[in-house]
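Here's the structure we're looking at; comments come further down.
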Amino acid sequence: MSARLERSFYARDTVVAARDLLGKLLVRRIDGVALSGRIVEVEAYLGPHDLAAHSSRGRTARTAVMFGPPGYAYVYMIYGLHYCMNVVTEPEGHGAAVLLRALEPAGNIAGRTNGPALLCRALSIDRRLNGHDLLSEDFYIADAPPVPANRIASRPRIGVDYAGRWARRLLRFYEKGNSFVSRP
DNA sequence: AGGATGATATCC
DNA sequence: GATATCATCCTC
């Protein structure tokens, strides 16, 4: 069992943290059973100036977690059906986060994990985990070998066409050739 | 290409 | 208080 990432991992530049999250292990412990998957696809949301980020609407009840301290989970419901999970980055007050888009199944995973809502379903991640500390025992990200820079692809983010030029920024990162990436 | 389904932001 | 919109997924 590998070590949890510490607060300092998250309290950094969001693009750097996003790329470094590739290869790491998301772990959700339920009734003593550890569900886990290797992070293979992420998107960086940089802060209020990033028109694709939820924090661009300012600090609200919904986005409060994004503006909080790093290393916490920002989980929200989308389209009334699905949950998406983010990891808060940068120092407190910044308003940035990294969306986890796909996992490669590692342990005790049932169902697909090649999409932001699919991975939440596979790991039983829902509203109750919004604002949950990722330095906890039951929900955390564990260290694992990094994905080398030459194995990381950079693409525009998915589903943010409304964000003008921000939609074209290359802020989606995934491990090249990994078959669990949602949109290769 | 379109529908499901509910929280939320943004208007009155 | 109404309504438009949504960082998705599935079926057609």
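First the proteins, then the strands, lettered A, B, ... as listed; each starts at 1.
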Can [X] and [Y] be counted as having a side-chain donor-acceptor contact under 3.5 angstrom?
{"X": "A/His54", "Y": "A/Asn86", "result": "no"}
{"X": "A/Arg62", "Y": "A/Tyr76", "result": "no"}
{"X": "A/Thr63", "Y": "A/Ser55", "result": "no"}

**OP:** Evaluate salt bridge (charged side-chain N to carboxylate O under 4.0 Å, His left out) for A/Glu137 paired with A/Arg4, printing each intermediate quantity in order.
**Re:** CA-CA 9 Å; A/Glu137 297 286 337; A/Arg4 282 191 295 271; 3.7 Å; yes

Subject >> Beyond-backbone contact of A/Phe9 with A/Lys24, side-chain heavy atoms, under 4.5 angstrom >> reply: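 A side-chain contact under 4.5 Å exists here.
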
Original post:
For A/Arg101 and A/Glu43, what are the C-alpha separation, side-chain angles and deciding distance, and is it a salt bridge (charged side-chain N to carboxylate O under 4.0 Å, His left out)?
Top reply: CA-CA 7 Å; A/Arg101 286 197 57 91; A/Glu43 283 178 2; 3.6 Å; yes

Subject >> Stacked cation flag A/Arg7 on A/Tyr10, 6.0 angstrom / 45 deg >> reply: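 Cation-pi check for A/Arg7 and A/Tyr10: fails.
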
Original post:
Cation over ring, A/Arg157 on A/Tyr45, under 6.0 Å and within 45°?
Top reply: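 The answer is yes, since A/Arg157 meets both limits relative to A/Tyr45.
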
Subject >> Heavy-atom protein contacts under 4.0 Å, nucleotides 3-10 of chain B, coded B base, S sugar-phosphate only, - none >> reply: -BBBSSSS

Subject >> Verdict with supporting geometry, A/Arg12 and A/Asp20, salt bridge (charged side-chain N to carboxylate O under 4.0 Å, His left out) >> reply: CA-CA 11 Å; A/Arg12 297 185 292 158; A/Asp20 283 358; 3.1 Å; yes

**OP:** Give A/Ala52 one of three labels, base, sugar-phosphate or nothing, depending on what nucleic acid heavy atoms sit under 4.0 Å from its own.
**Re:**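 The answer is base, as A/Ala52 lies within the cut-off (heavy atoms under 4.0 Å) of a base atom.
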
Subject >> Bracket string, DNA chain C, 5' to 3' - pairs by Watson-Crick or G-U geometry under 3.5 Å, | interstrand >> reply: ||||||.||||.

Original post:
With respect to A/Arg169, which candidate in A/Val15, A/Leu46, A/Val160 satisfies the side-chain contact (heavy atoms from CB on, under 4.5 Å) definition?
Top reply: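 The side-chain contact (heavy atoms from CB on, under 4.5 Å) with A/Arg169 is passed solely by A/Leu46 among A/Val15, A/Leu46, A/Val160.
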
Subject >> Residues forming a side-chain contact (heavy atoms from CB on, under 4.5 Å) with A/Pro156, sequence neighbours excluded >> reply: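 A/Pro156 satisfies side-chain contact (heavy atoms from CB on, under 4.5 Å) with A/Leu170 only.
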
Original post:
Which nucleotide of DNA chain C is the first, and which the last, in the 5' to 3' direction, to come under 4.0 Å of a heavy atom belonging to chain A?
Top reply: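 Answer, 5' to 3': C/dC6 to C/dC10.
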
Original post:
When you measure from every atom of DNA chain B, which of residues 157-184 of chain A have a heavy atom less than 4.0 Å away?
Top reply: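 Residues of residues 157-184 of chain A that come under 4.0 Å of DNA chain B do not exist, since none gets that close.
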
Subject >> Most 5' of A/Met85 and A/Arg112 on DNA chain C, judged by nearest nucleotide >> reply: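 The answer here is A/Met85.
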
**OP:** Please answer: with hydrophobic residues joined when any side-chain heavy atoms are less than 4.5 Å apart, are A/Val27 and A/Leu134 in the same cluster?
**Re:**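 Each belongs to a different hydrophobic cluster.
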
Subject >> Listed once per pair and sorted, the ring pair (Phe, Tyr, Trp, His ring centres under 6.0 Å) pairs that draw on residues 21-40 of chain A, sequence neighbours left out >> reply: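 For residues 21-40 of chain A, and leaving out neighbouring residues, there are no ring pair (Phe, Tyr, Trp, His ring centres under 6.0 Å) pairs at all.
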
